[in-house]
Amino acid sequence: MKKIIPILLVLLTLCAVFVPVSAESAPPVAVIYGVMTDSEFDSLTARLDSLCDTYEVDIAFIVSDEIVTENAVTEADAFCDTYGYGSETSKGGILFFVCTSTHEYALSTCGEANAIFGGDALDYIESAANPHLKKGEYYKAGDIFADKCEEIIEKYESGEPYKKKANPLLVIGGIVLIPLIAALAFTGVKQSRMNTATGQSEAEDYIRPDSMKLERSEDIFLYSKVTKREKPKSDSSSSTSSHGGKSGSF
Amino acid sequence: MDTIKDYKCPCCSAPLVFDAEKQNMHCEFCGADISLEAFAQLDKADGDGMTSSSYDWEHYEPRSFDEGEAQGLSSYTCPSCGAEITGDGSMGSTICPYCGNSAIVKGQFEGTLRPDYVIPFKVDKKAAVAEFEKACKGAPFLPDEFKDKKRIEEMAGVYIPFWMFDCDCNADIRYSAQREKSWSDSSYEYTKTDYYRLVRSGSIGFQNIPSSASKKSDSSYTESVEPFDYGEAVNFNTAYLSGYLADKYEISAEESSERANERVKNSTESAFIGTSVGYSSVVPESSNISFSNGKVRYSLLPVWMLNIKYNGENYKFAINGQTGKTVGKFPIDKRKKWLYFGKVYAIGLAVCAIAAKLLGLL
C-alpha cells in the first residue's frame, strides 16, 4: 500500500473540506506496494497523463487489495465519482480497477467515454489485459490497457467507433454454407416433382358429404407441467445509469 | 372377494398412487399429478364402448358375361411380363400396357367377372398425349431425348379393374393432446404444457373407395391418378371396350378390402382430429373402427398407360382417362440437375457475399 496510502490520504483530505477533486489531482495510476517497480509506475503514469492531454479523456489504472463497496463494479464507479475521474476532461474518462485479493476487475466509463468505449471496445481491452492479470503482470496489463485505449480513441475520432470484427473463418463458412444448403433444398424440391406416383394413404375424396356425426366429444384435462429456463446472463454488467463498463475475474 | 384394480398413469403407464397431501393421483415415475375428477372421467371414457375393430363387408356375388357379350372379346397374354388383358377381338397388334412389349399373343376370351360399372374414357389418345407432354414440361430435370413423340404415341388405353367399397364407419378414437403457453420474466423463460386425453366417437360415411383388383397394375400409380368422378359411371356394356383394353381381375374383394380398410381408418382419424381445435399437438393413441352397410362393387376405370424405355430402365406413366391427371416417375438428367444446383448456389453465394460486405463482416 506504499503508493496508494499517501494518494488516498491526499484525496480524502481534499474530500473532507468539500473541495471538488480535480482531474489534475486524481492520479492516473494508483497501485498497492509490490505490483510494480517504481520505474514501471512512473512510465505508466507518464503514458496515461500523455494520453489524457492528447485526447482529453481521463484514463486511469487502479490496483488495490480490497473492495470496500459491494463489488468491483461499484468500487470502480465509486473511484470515478469520488475522485472525479473524467469530470474535468471534455470527453469523460475510463478507469480500470483491479483487486488482487478477490481477483476481480472492472472497467468504468463516464461522459463521452461511454460512447467511445462501447461493449465491443471494452471486450477488446478485457481480452488483451486479462492474460497478464492472470499471470500477475500488472504493469503489462496497465500498459496494454493504455495501448488499447489509444487505439480505440483514435478509431472513434476517425469516425469509426471500435466494432468487434467477426471471425473471418465463421463469415466465410457462412457465405459458403448458407447458399449450399439453400441450393440443396431448392434442388430437392424440384427433384421431388420428378416422381408423382406416390399413392394415397387416405380416402378423404370419398367421404360422403355431410355424413360425419360426432356423438361423443370429450377433452379430459390430465395435468400440467411448467418448465423454466434461466436466461443467459452476460459476464459483464453496466454499473450505474451514468456509467458504462464491464467486469470480470482473472 | 373384490378384485384389486390397478391404476395406471395415462402418460407413462406406471402405477399411480394416491397422494394424501395433494388429494391427487400421483405418478412417481413421470411426476404427473392427476385430479380425482379427471381420473374418474378418464376411467369412464376408457371403460365405455371400446370394442375391437371390425370390418363387415358384404360378400360379393360375382356375375359372369353372357355368351353374346363374350363373343366380341379376346384375351391377350404378354409373354414378357405375363399380363393377361382383354380386348376387342378385332384389335391388331397391341402393345402391352405394363411393360411396353409389342409381341402380345391373342387368345380365346375366357369368362371372367362381369363388371357392375364402368367409367368410359373421356380423354382420347390425342388429349392424353397432350396431357403427358404438359406433364413433361413440368418435370424440371427431364432429359430432352425422353420426349420422343413416337414412343409417347404407343400409350394404351386400359380399363383397370377396381373393387369399389361403400361403408358407414363407426369410430371410437382416443388422442393424446398438448397445449402450450410461454411467458418470461427478467430471469427465466417459462413454458406451461397442459396434457389432455381427447375422446371422439361418431360415424362417417364413405362411398366409392377404389382398390385395384389387378396384380399387374402398381397401386401407387392407380391411387395417384385418383380421384374419378363416379357421377359419370354407367352400367357395364362390352361396347365400351371397343378400341381399349381391359385388365383381368386377379385380386379378390376380400384381399383388396385390406387396402380400403387402411385408407378408411386413416381418413377417419384425420377427420376426427379436425374437430380438436387449439392444441399444439394431437396424436391418435388408440382407435376402434367398425364398418356397417359395407357394399362392394366391381368396376372398370379408364387409365392411359405408357411405358418408355430409357437408358436401360422402364419408366411407367398413368393418365386418368376421365380427368387427364398424369402421374409417373420421370428420369433425371444429372447434368441438368447439377447445372440448376450450380446456378442457385452461384446466386446465393453472390447474395451472401454482398450482404456480408454491406454489414461490414468482411
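All values below were derived from every heavy atom in this structure, side-chain atoms included, with hydrogens, water molecules and symmetry-related copies excluded.
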Discussion item. Let's go through B:Tyr195 and A:Lys225 carefully: what are the C-alpha distance in whole Å and the side-chain angles of both, what is the deciding distance for side chain to side chain contact (heavy atoms under 4.5 Å, CB included) to 0.1 Å, and is it a yes or a no?
Written reply: CA-CA 8 Å; B:Tyr195 293 86; A:Lys225 245 188 199 165; 4.1 Å; yes
Fill in: Chi angles and distances behind the side chain to side chain donor-acceptor pair (under 3.5 Å) call for B:Tyr279, A:Asp219
CA-CA 11 Å; B:Tyr279 293 99; A:Asp219 292 15; 2.5 Å; yes
Atom pair [atom1] ([X]) and [atom2] ([Y]), whose distance is rounded to the nearest 0.5 Å:
X        : Y        : atom1 : atom2 : answer
B:Asp33  : A:Ser224 : CG    : OG    : 10.5 Å
B:Thr191 : A:Arg229 : OG1   : CZ    : 8.5 Å
B:Lys329 : A:Thr196 : NZ    : OG1   : 11.5 Å
B:Ile354 : A:Ile175 : CD1   : CD1   : 10.5 Å
B:Phe341 : A:Lys190 : CZ    : NZ    : 15.0 Å
A:Glu218 : B:Leu198 : CD    : CG    : 10.0 Å

Worksheet item: So what's closer than 4.5 Å to chain B heavy atoms on A:Leu214: side chain, backbone, both or neither?
Response: both
Worksheet, complete the sentence: If one checks every heavy atom of A:Leu170 against chain B at 4.5 Å, the contacting part turns out to be neither
So which part of [X] gets closer than 4.5 Å to some heavy atom of chain A, the side chain, the backbone, both or neither?
X        : answer
B:Glu226 : both
B:Glu189 : both
B:Ser201 : both
B:Arg259 : side chain
B:Ser270 : side chain
B:Asp218 : neither
B:Ala139 : both
B:Ser186 : backbone
B:Thr268 : neither

Does [atom1] belonging to [X] count more than 12 external heavy atoms closer than 6.0 Å?
X        : atom1 : value
A:Glu157 : CD    : yes
A:Asp53  : CG    : yes
B:Tyr310 : OH    : yes

Practice prompt. Could you have a look at A:Tyr223, A:Phe186, A:Phe221 and say which one has the most heavy-atom pairs with chain B under 4.5 angstrom?
Written response: A:Tyr223
Discussion item. Counting heavy-atom pairs under 4.5 Å with chain B, which one of A:Met212, A:Glu215, A:Met194, A:Lys163 comes out on top?
Written reply: A:Met194
Item to complete: Validate the cation-pi geometry between A:Lys228 and B:Tyr190: distance from NZ or CZ to the six-membered ring centre under 6.0 Å, angle to the ring axis within 45°.
Response: no
Which one, [options], leads in non-hydrogen pairs under 4.5 Å with chain A?
options                                : answer
B:Tyr230, B:Tyr345, B:Phe330           : B:Tyr345
B:Gly202, B:Gly205, B:Cys352           : B:Gly205
B:Gly348, B:Ala32, B:Ser182, B:Gly328  : B:Gly328
B:Ile34, B:Val199, B:Val344            : B:Val199
B:Ala171, B:Pro210, B:Ala350           : B:Pro210
B:Lys316, B:Lys192, B:Lys337, B:Arg200 : B:Arg200

Are side-chain N/O atoms of [X] and [Y] paired as donor and acceptor at under 3.5 Å?
X        : Y        : result
B:Asp166 : A:Tyr206 : no
B:Ser187 : A:Glu230 : no
B:Asn266 : A:Ser201 : no

Practice prompt. Run the numbers on A:Gln200 and B:Ser224 for side chain to side chain donor-acceptor pair (under 3.5 Å), then give the verdict.
Written response: CA-CA 6 Å; A:Gln200 302 258 14; B:Ser224 297; over 6 Å; no
Practice prompt. Could you please spell out the steps behind the side chain to side chain contact (heavy atoms under 4.5 Å, CB included) verdict for A:Arg208 and B:Phe206?
Written response: CA-CA 5 Å; A:Arg208 214 177 291 131; B:Phe206 290 87; 5.7 Å; no
